[in-house]
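Please read all numbers here as calculations on a predicted model, not as lab measurements. Just so it is clear: chains get the letters A, B, ... in the order the sequence lines come, proteins before strands, and each one is counted from 1.
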Amino acid sequence: MLEIQYLRQNSSEAISRLTLKTPDAGELIAAVLKLDEEKRISQMALEEMQARINAASKETGDLYKAGKKQEADKMKAETASWKEELLKLEAAAGKAEQALFDQLTLLPNLPDKSVPPGRTPQDNLVVHEEGTVPQLPEGCLPHWDLAKKYKIIDFETGVKVSGAGFPVYTGKGARLQRALINFFLDKATEAGYTEIEPPILINEASGFGTGQLPDKEGQMYFSGQDKLYLIPTAEVPITNMYRDTILDEEALPVKNCGYTPCFRREAGSYGKDVRGLNRLHQFDKVEIVQIQHPDKSYQTLQEMRNYVAGLLRMLELPFRILKLCGGDMSFASALTFDLEVFSAAQKRWLEVSSVSNFETFQSNRMKLRFRQGKDKPRLAHTLNGSALALPRIVAALLENNQTPEGVRIPKALTAYTGFGYID
RNA sequence: GGAGAGAUGGCAGAGUGGUUGAAUGCGGCAGUCUUGAAAACUGUUUUACCCUACGGGUAACGGGGGUUCGAAUCCCUCUCUCUCCGCCA
């Protein structure tokens, strides 16, 4: 949620930034400012009435205590007559505040000034490319065929047990999942992140805090009996741990990481994009989350991006980094880098990580603040990134490392898998 | 699932209709004392919003609603937490 004070004071800057994300930025912001004005007018009227009643009530009490019953009764009657007016003012102020809040929550985050213009993924900027695409032998297979050949992922049985998008990993496939999770968690810990094992069902307030609710309701699985949502990413519980808190400045940056399964309904997806491991309803991911001082958050974003790139390097996967254009960025993000690996048999780039700075967009929803000395609390900046999402990593590992002897496991992982080849 | 208890400031814990935004203790911060530290003593210590603003106002004692001139305090309702029993990884 954007900060209303900022919008009030910097409306033209806000409009130009928001235009990177949506063409009707001007109207959106104008609507918010108008509602803000109305809200303040109704608030002033209400508070004035409340002040009158408070003063009169105090006087009434004093008069009773002084034994001046007649005067007190008279004052009481007069104050009672204001009641109807007060109720009207309360209703109007409540309505105006709600209208402002509703409009404000509709606004996406303002893109950072460095965000490239554009509406579609084609407008994303490739800012880095690294590694060599392997030359695959004749008859190389896409990962779903390799998965079958080596009996490591069973898509059909997953369909039986749950449905499409819920694969079953077996044998070395399951072991590879566990190896990757442990590898990612160990690396994150070495980089100073504290490991968290969070709940994977979250309440509505948490869904609102990180920006999934109310607008992306349909993308999460929901347990209606308990009003709990299955997390689409560990970002949600790990960031919401700090909802409604004021941190000491010295506590920054907060660096947490966590492994969780992630659940996404992915309503409306179909076709080759969802083949094999490319897009699933349930998948494993290790996430890194930071809470940082506003002055340092962009430097932190850079560090997180470099950290994730380092993981891909250790896994010996060719990758590139995209700076997302305004139109392709998520609702809550101010600047996002996507990291994609090249999956050699499919011959396509697969997004395996998204690293974002949300500035105060999430912290304003969550009331996540920090305090410098004796100053008033300020909203902190929140950041997160996948480090990493497993399925597409596995897809690329399988495809890129296929040999006549089997699928070679990168050296960095063999200590975790306990085997050098899947055969 | 059954029975009961509770929800107050960073924490603990008072407060059952009128200077209670809230006693007291602990913690935190500042100061006195000390070579330094501890102890002791003194002071200080919630947050949000609004207003032509070194000042003024409003709101908040789990959420929402009600009674009243006036509610942390009374009533209704929801949520959550804890304890005991049952069930269970």
Side-chain angles (χ1 to χ4, degrees), chain A residues 1-9 32-105 197 199-209 213-214 222-229 237 240-252 254 261 360 363-380:
Chain A
M1 189 163 61
L2 297 175
E3 296 169 76
I4 187 65
Q5 295 90 340
Y6 170 84
L7 294 179
R8 229 180 262 157
Q9 287 156 24
V32 164
L33 292 178
K34 180 158 172 288
L35 291 168
D36 177 50
E37 171 107 37
E38 288 166 7
K39 176 232 157 195
R40 280 184 292 158
I41 288 169
S42 62
Q43 182 182 347
M44 275 189 277
L46 171 64
E47 289 182 358
E48 192 191 322
M49 176 57 86
Q50 286 170 324
R52 269 170 73 191
I53 292 176
N54 286 346
S57 298
K58 184 157 185 293
E59 203 176 325
T60 305
D62 290 344
L63 287 171
Y64 275 122
K65 253 191 277 182
K68 299 177 181 168
K69 187 160 184 313
Q70 277 203 334
E71 288 176 55
D73 285 342
K74 194 177 152 208
M75 172 138 276
K76 197 162 109 170
E78 193 189 341
T79 313
S81 73
W82 300 340
K83 182 103 188 186
E84 197 182 333
E85 180 67 12
L86 177 73
L87 288 173
K88 273 207 316 229
L89 292 171
E90 271 177 350
K95 215 170 130 189
E97 193 176 347
Q98 187 63 46
L100 173 62
F101 179 81
D102 289 346
Q103 186 68 26
L104 211 46
T105 53
E197 186 182 311
I200 60 177
L201 273 78
I202 49 111
N203 58 27
E204 189 185 346
S206 292
F208 178 79
L213 295 176
F222 179 57
S223 168
Q225 286 218 298
D226 303 291
K227 294 191 187 145
L228 294 170
Y229 296 83
N240 272 284
M241 296 194 317
Y242 299 87
R243 175 152 43 84
D244 293 318
T245 54
I246 301 174
L247 297 161
D248 288 333
E249 189 191 9
E250 296 78 57
L252 302 179
V254 172
T360 60
S363 59
N364 192 32
R365 290 175 156 239
M366 278 189 285
K367 300 293 168 251
L368 162 50
R369 292 166 294 171
F370 72 100
R371 189 197 303 278
Q372 285 173 291
K374 288 199 153 92
D375 294 351
K376 280 187 53 155
R378 285 177 66 188
L379 294 171

## Note on the structure
Only residue of A:Lys69, A:Gln70, A:Lys76 satisfying side chain to side chain donor-acceptor pair (under 3.5 Å) with A:Asp73 is A:Lys69
### Query
To the nearest angstrom, how far is A:Glu47 atom CD from B:A60 atom P?
11 Å
### Task
Write down the distance between CG (A:Leu100) and C1' (B:C49), rounded to a whole number of angstrom.
12 Å
### Task
Go ahead and name the base partner of B:G55; Watson-Crick or wobble counts if both distances stay under 3.5 Å, otherwise write none.
B:C51
### Task
Quick one: label A:Arg369 by what it contacts on the DNA or RNA (base, sugar-phosphate, nothing), any heavy atom closer than 4.0 Å.
sugar-phosphate
### Distance, rounded to the nearest Å, where A:Leu247 contributes CG and B:G10 contributes P
14 Å
### Task
Looking at every strand, decide which applies to A:Glu97 at a 4.0 Å heavy-atom threshold: base, sugar-phosphate, or nothing.
nothing
## Note on the structure
A:Leu89 CG to B:C50 C1', in whole Å, measures 15 Å
### Message
I'd like the P distance from B:A3 over to B:G15, given in whole Å.
### Response
29 Å
### Query
Using atom C1' of each nucleotide, how far apart are B:A71 and B:G66 to the nearest Å?
12 Å
### Message
Rounded to whole Å, please give me the gap between CG in A:Asn203 and C1' in B:C78.
### Response
15 Å
### Query
Rounded to the nearest Å, what distance is computed from the CD atom of residue A:Gln50 to the P atom of nucleotide B:C50?
15 Å
### Message
Applying the Watson-Crick and G-U wobble criteria at under 3.5 Å, what pairs with B:A7? Answer none if nothing qualifies.
### Response
B:U79
### Task
Select one nucleotide: of B:C50, B:C69, B:U47, the one nearest the side-chain heavy atoms of A:Thr79.
B:C69
### Query
With a 4.0 Å cut-off on heavy atoms, is A:Lys39 in touch with a base, just the backbone sugar-phosphate, or nothing at all?
sugar-phosphate
### Task
Could you tell me whether A:Arg378 contacts a base, only the sugar-phosphate backbone, or nothing, with contacts defined as non-hydrogen atoms closer than 4.0 Å?
nothing
### Query
Which part of the nucleic acid, if any, lies within reach of A:Ala80 when heavy atoms closer than 4.0 Å are counted: base, sugar-phosphate only, or nothing?
sugar-phosphate
### Task
Select one nucleotide: of B:C51, B:C49, B:A59, the one nearest the side-chain heavy atoms of A:Met44.
B:C51
### Query
Is there a Watson-Crick or G-U wobble partner for B:U46 with both distances under 3.5 Å, and if so, which one is it?
B:A60
### Message
Distance check, P atoms only: B:A22 and B:A72, in whole angstrom units.
### Response
12 Å
### Message
Closest approach to the side chain of A:Ser57, judged atom by atom: which nucleotide of B:U46, B:G18, B:C50 is it?
### Response
B:G18
### Query
Mapping A:Met75 and A:Asp36 onto RNA chain B by nearest heavy atom, which one lands closer to the 5' end?
A:Asp36
### Message
Over all strands shown, is A:Lys367 touching base, sugar-phosphate only, or nothing at heavy-atom distances under 4.0 angstrom?
### Response
nothing
### Message
Using whole Å, what does the distance between atom P of nucleotide B:G17 and atom NZ of A:Lys58 come to?
### Response
20 Å
### Task
Could you please name the option among B:U47, B:C49, B:A59 that lies closest to any side-chain atom of A:Lys376?
B:C49
### Message
For a quick test of reading the model: is some side-chain N or O of A:Arg371 closer than 4.0 Å to OP1 or OP2 of B:G10?
### Response
no
### Query
Using atom C1' of each nucleotide, how far apart are B:C41 and B:G55 to the nearest Å?
34 Å
#### Entry: Separation of the P atoms in B:G25 and B:A37, to the nearest angstrom
25 Å
### Query
Does a donor on one side chain sit under 3.5 Å from an acceptor on the other, for A:Glu47 and A:Gln43?
yes
### Task
With C1' as the reference atom in both, quote the distance from B:C74 to B:U67 in angstrom, rounded to an integer.
8 Å
### Task
Evaluate side chain to side chain contact (heavy atoms under 4.5 Å, CB included) for A:Gln372 paired with A:Arg378, printing each intermediate quantity in order.
CA-CA 8 Å; A:Gln372 285 173 291; A:Arg378 285 177 66 188; 3.5 Å; yes
### Message
Please report the interatomic distance NZ(A:Lys68) to CG(A:Asp62), rounded to the nearest 0.5 Å.
### Response
10.0 Å
### Query
Any chance the side chains of A:Ser206 and A:Asn203 put a donor and an acceptor closer than 3.5 Å?
yes
### Query
Using a cut-off of 4.0 Å on non-hydrogen atoms, how would the nucleic acid contact of A:Asn54 be classed: base, sugar-phosphate, or nothing?
sugar-phosphate
### Message
Tell me if a side-chain donor or acceptor on A:Thr60 pairs with a main-chain N or O of A:Met75 at a distance below 3.5 Å.
### Response
no
### Message
Between B:A39 and B:A48, how far apart are the two C1' atoms, rounded to whole Å?
### Response
40 Å
### Query
Can you tell me if A:Arg243 uses its side chain to pair, donor with acceptor, with the backbone of A:Met366 under 3.5 Å?
no
### Task
Inspect the surroundings of CD in A:Glu90 and state if more than 12 heavy atoms from other residues, nucleotides or ligands are less than 6.0 Å away.
yes
### Query
Starting at the 5' end of RNA chain B and moving along, which residue's nearest nucleotide shows up first, A:Lys83 or A:Ala55?
A:Ala55
#### Entry: P spacing across the pair B:A23 / B:G9, given as an integer number of angstrom
12 Å
### Minimum-distance nucleotide (side-chain atoms of A:Arg40 versus B:G57, B:C51, B:C69)
B:C51
### Query
Over how many whole Å does the gap from A:Trp82 atom CH2 to B:G70 atom P extend?
11 Å
### Per A:Ala51 side chain, nearest of listed nucleotides B:G57, B:C50, B:A48
B:G57
